[in-house]
Amino acid sequence: QPYWLSALEDLASELKLEGQVQFSIPLPHEELPQLLAECDVGVVPLEACERNQVQGGALAKASEYLAAGLPIVAADLPLTRELLDEPATLFYPPGDFSALADCLVRLAVDSNEREARGVQARPQAEAQVATSVVTGQLLRLYTEVLGEPAPSDQRSHPPAPLEGTP
(Lines give C-alpha, C1' and ligand atoms only; values in the text may rest on other atoms or scores of the structure.)
Protein backbone atom coordinates (compact mmCIF):
# COMPACT_ATOMS: atom_id res chain seq x y z
CA GLN A 1 0.00 0.00 0.00
CA PRO A 2 1.24 3.51 -0.74
CA TYR A 3 1.15 4.51 2.93
CA TRP A 4 3.58 1.67 3.73
CA LEU A 5 6.15 2.87 1.22
CA SER A 6 8.20 5.16 3.47
CA ALA A 7 8.24 2.60 6.31
CA LEU A 8 9.40 -0.12 3.90
CA GLU A 9 12.09 2.13 2.44
CA ASP A 10 13.29 2.96 5.99
CA LEU A 11 13.43 -0.76 6.83
CA ALA A 12 15.39 -1.53 3.65
CA SER A 13 17.85 1.23 4.58
CA GLU A 14 18.16 -0.08 8.14
CA LEU A 15 18.89 -3.57 6.76
CA LYS A 16 21.40 -2.11 4.27
CA LEU A 17 19.35 -3.30 1.28
CA GLU A 18 19.27 -0.06 -0.71
CA GLY A 19 19.56 -0.81 -4.41
CA GLN A 20 18.73 -4.48 -3.84
CA VAL A 21 15.02 -4.12 -3.11
CA GLN A 22 12.50 -2.06 -5.03
CA PHE A 23 9.09 -1.04 -3.72
CA SER A 24 6.39 0.13 -6.05
CA ILE A 25 3.06 1.80 -5.53
CA PRO A 26 0.06 0.09 -7.17
CA LEU A 27 0.18 0.45 -10.93
CA PRO A 28 -2.26 -0.14 -13.77
CA HIS A 29 -2.53 -3.80 -14.81
CA GLU A 30 -1.28 -3.06 -18.33
CA GLU A 31 2.06 -1.90 -16.83
CA LEU A 32 2.55 -5.12 -14.85
CA PRO A 33 4.27 -7.18 -17.60
CA GLN A 34 6.95 -4.50 -17.98
CA LEU A 35 7.58 -4.42 -14.23
CA LEU A 36 7.69 -8.22 -13.95
CA ALA A 37 10.16 -8.40 -16.85
CA GLU A 38 12.61 -6.56 -14.58
CA CYS A 39 12.16 -9.03 -11.70
CA ASP A 40 14.25 -12.10 -10.90
CA VAL A 41 11.71 -13.93 -8.71
CA GLY A 42 8.08 -13.68 -7.58
CA VAL A 43 7.11 -14.11 -3.93
CA VAL A 44 3.77 -15.34 -2.54
CA PRO A 45 4.20 -14.81 1.23
CA LEU A 46 0.78 -15.93 2.46
CA GLU A 47 0.06 -16.43 6.15
CA ALA A 48 -1.29 -19.68 7.56
CA CYS A 49 -4.60 -18.03 8.52
CA GLU A 50 -8.09 -19.52 8.20
CA ARG A 51 -8.82 -17.71 4.93
CA ASN A 52 -5.70 -19.10 3.27
CA GLN A 53 -6.05 -22.59 4.73
CA VAL A 54 -9.80 -23.20 4.56
CA GLN A 55 -11.43 -20.76 2.17
CA GLY A 56 -8.58 -20.25 -0.23
CA GLY A 57 -8.85 -17.84 -3.08
CA ALA A 58 -7.46 -16.86 -6.40
CA LEU A 59 -3.74 -16.25 -6.53
CA ALA A 60 -3.66 -13.54 -9.17
CA LYS A 61 -0.09 -12.54 -8.34
CA ALA A 62 1.12 -16.14 -8.70
CA SER A 63 -0.63 -16.40 -12.06
CA GLU A 64 1.06 -13.19 -13.19
CA TYR A 65 4.46 -14.50 -12.05
CA LEU A 66 3.94 -17.76 -13.97
CA ALA A 67 2.87 -15.90 -17.12
CA ALA A 68 5.99 -13.74 -16.84
CA GLY A 69 8.18 -16.84 -16.61
CA LEU A 70 9.40 -16.03 -13.10
CA PRO A 71 10.49 -18.62 -10.55
CA ILE A 72 8.31 -18.37 -7.45
CA VAL A 73 8.94 -18.60 -3.72
CA ALA A 74 5.66 -19.38 -1.95
CA ALA A 75 4.33 -20.23 1.48
CA ASP A 76 3.60 -23.96 1.62
CA LEU A 77 -0.19 -24.05 1.92
CA PRO A 78 -2.81 -26.27 0.23
CA LEU A 79 -3.89 -23.21 -1.75
CA THR A 80 -0.42 -22.57 -3.19
CA ARG A 81 0.25 -26.28 -3.77
CA GLU A 82 -2.98 -26.50 -5.79
CA LEU A 83 -1.86 -23.82 -8.24
CA LEU A 84 1.93 -23.95 -8.17
CA ASP A 85 4.11 -26.88 -9.22
CA GLU A 86 7.51 -27.61 -7.70
CA PRO A 87 9.52 -27.26 -10.89
CA ALA A 88 8.71 -23.53 -10.95
CA THR A 89 8.31 -22.97 -7.21
CA LEU A 90 10.30 -23.19 -3.99
CA PHE A 91 8.01 -23.66 -0.99
CA TYR A 92 8.77 -22.57 2.57
CA PRO A 93 6.80 -23.05 5.82
CA PRO A 94 4.31 -20.18 6.25
CA GLY A 95 5.48 -17.63 8.80
CA ASP A 96 9.08 -18.90 8.72
CA PHE A 97 10.78 -15.76 7.47
CA SER A 98 14.21 -17.29 7.88
CA ALA A 99 13.21 -20.08 5.48
CA LEU A 100 11.75 -17.48 3.09
CA ALA A 101 15.06 -15.60 3.19
CA ASP A 102 16.95 -18.86 2.60
CA CYS A 103 14.86 -19.56 -0.52
CA LEU A 104 15.47 -16.04 -1.85
CA VAL A 105 19.20 -16.27 -1.19
CA ARG A 106 19.31 -19.72 -2.80
CA LEU A 107 17.77 -18.36 -6.01
CA ALA A 108 19.91 -15.22 -5.90
CA VAL A 109 23.11 -17.24 -5.61
CA ASP A 110 22.22 -20.07 -7.99
CA SER A 111 21.32 -18.44 -11.30
CA ASN A 112 21.08 -21.86 -12.99
CA GLU A 113 18.34 -22.99 -10.60
CA ARG A 114 16.60 -19.61 -10.84
CA GLU A 115 16.59 -19.75 -14.63
CA ALA A 116 15.52 -23.42 -14.74
CA ARG A 117 12.56 -22.73 -12.44
CA GLY A 118 11.64 -19.69 -14.53
CA VAL A 119 11.67 -21.77 -17.71
CA GLN A 120 9.14 -24.13 -16.06
CA ALA A 121 6.81 -21.27 -15.09
CA ARG A 122 5.55 -20.16 -18.50
CA PRO A 123 4.37 -23.61 -19.71
CA GLN A 124 2.64 -24.08 -16.35
CA ALA A 125 0.81 -20.78 -16.92
CA GLU A 126 -0.22 -21.86 -20.41
CA ALA A 127 -1.53 -25.19 -19.10
CA GLN A 128 -3.29 -23.95 -15.96
CA VAL A 129 -4.13 -20.24 -15.92
CA ALA A 130 -4.49 -19.13 -19.55
CA THR A 131 -7.84 -17.50 -20.23
CA SER A 132 -8.92 -20.30 -22.57
CA VAL A 133 -8.15 -22.94 -19.93
CA VAL A 134 -9.94 -21.11 -17.13
CA THR A 135 -12.92 -20.43 -19.42
CA GLY A 136 -13.21 -24.14 -20.24
CA GLN A 137 -13.03 -25.05 -16.55
CA LEU A 138 -15.76 -22.54 -15.70
CA LEU A 139 -18.00 -23.80 -18.50
CA ARG A 140 -17.61 -27.39 -17.26
CA LEU A 141 -18.39 -26.31 -13.69
CA TYR A 142 -21.48 -24.36 -14.74
CA THR A 143 -22.64 -27.33 -16.81
CA GLU A 144 -22.26 -29.64 -13.81
CA VAL A 145 -24.01 -27.26 -11.42
CA LEU A 146 -26.89 -26.65 -13.81
CA GLY A 147 -27.18 -30.36 -14.60
CA GLU A 148 -27.02 -29.82 -18.33
CA PRO A 149 -25.33 -32.24 -20.70
CA ALA A 150 -21.75 -31.26 -21.37
CA PRO A 151 -21.04 -29.98 -24.89
CA SER A 152 -18.87 -32.32 -26.95
CA ASP A 153 -16.24 -29.58 -27.30
CA GLN A 154 -15.65 -27.99 -23.89
CA ARG A 155 -13.98 -24.93 -25.40
CA SER A 156 -16.20 -22.25 -26.82
CA HIS A 157 -13.29 -20.87 -28.82
CA PRO A 158 -9.77 -21.91 -29.77
CA PRO A 159 -7.09 -21.27 -27.16
CA ALA A 160 -5.90 -17.70 -27.23
CA PRO A 161 -2.24 -16.86 -26.85
CA LEU A 162 -1.27 -16.27 -23.24
CA GLU A 163 -0.93 -12.56 -22.52
CA GLY A 164 -0.76 -12.22 -18.76
CA THR A 165 -3.45 -13.89 -16.71
CA PRO A 166 -7.23 -14.10 -16.63
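How far CG of L15 is from CG of D10: 11.0 Å, rounded to the nearest 0.5 Å. Distance check: E64 CD to L35 CG gives 10.5 Å after rounding to the nearest 0.5 Å. Rounded to the nearest 0.5 Å, atoms CD (E38) and CG (L36) are 9.5 Å apart.
The environment of CD in E18 is crowded: more than 12 heavy-atom neighbours from other residues, nucleotides or ligands sit within 6.0 Å. Around atom CD of E30, more than 12 heavy atoms belonging to other residues, nucleotides or ligands sit under 6.0 Å away. By the neighbour-count criterion of 12 heavy atoms within 6.0 Å, atom CZ of F23 is densely surrounded, having more than that number from other residues, nucleotides or ligands.
No path of Ile, Leu, Val, Met, Phe, Trp and Tyr side chains, each step under 4.5 Å between heavy atoms, connects L139 with L146, placing them in separate hydrophobic clusters. A single hydrophobic cluster is seen to contain both L32 and L66, as judged by linkage of ILVMFWY side chains at heavy-atom distances under 4.5 Å, directly or through other members. Hydrophobic clustering of Ile, Leu, Val, Met, Phe, Trp and Tyr side chains at less than 4.5 Å, counting indirect connections, keeps V43 apart from L5. Residues F91 and V105 are members of separate hydrophobic clusters, defined by side-chain heavy-atom contacts under 4.5 angstrom among Ile, Leu, Val, Met, Phe, Trp and Tyr. The hydrophobic cluster containing L104 does not contain L70, counting ILVMFWY residues as joined when their side-chain heavy atoms lie under 4.5 angstrom apart, directly or transitively.
Not one N or O on the side chain of Q120 forms a donor-acceptor pair closer than 3.5 Å with the backbone of T89. No donor-acceptor distance shorter than 3.5 angstrom exists from the side chain of S13 to the backbone of E9, with no hydrogens or angles considered.
The one candidate from L90, L84, L83 that meets the side chain to side chain contact (heavy atoms under 4.5 Å, CB included) condition with I72 is L84.
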Step by step, would you call Y92 with V73 a side chain to side chain contact (heavy atoms under 4.5 Å, CB included)?
CA-CA 7 Å; Y92 70 94; V73 174; 3.8 Å; yes

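With respect to the salt-bridge test (charged N to carboxylate O, under 4.0 angstrom), the residues R117 and E113 qualify.
Side-chain contact between D40 and L107: absent, with no pair of heavy atoms (C-beta onward) separated by less than 4.5 Å. Within the 4.5 Å cutoff, the side chain of V41 has heavy atoms near those of the P71 side chain. By the 4.5 Å heavy-atom criterion applied to side chains, R81 and E86 are counted as neighbours.
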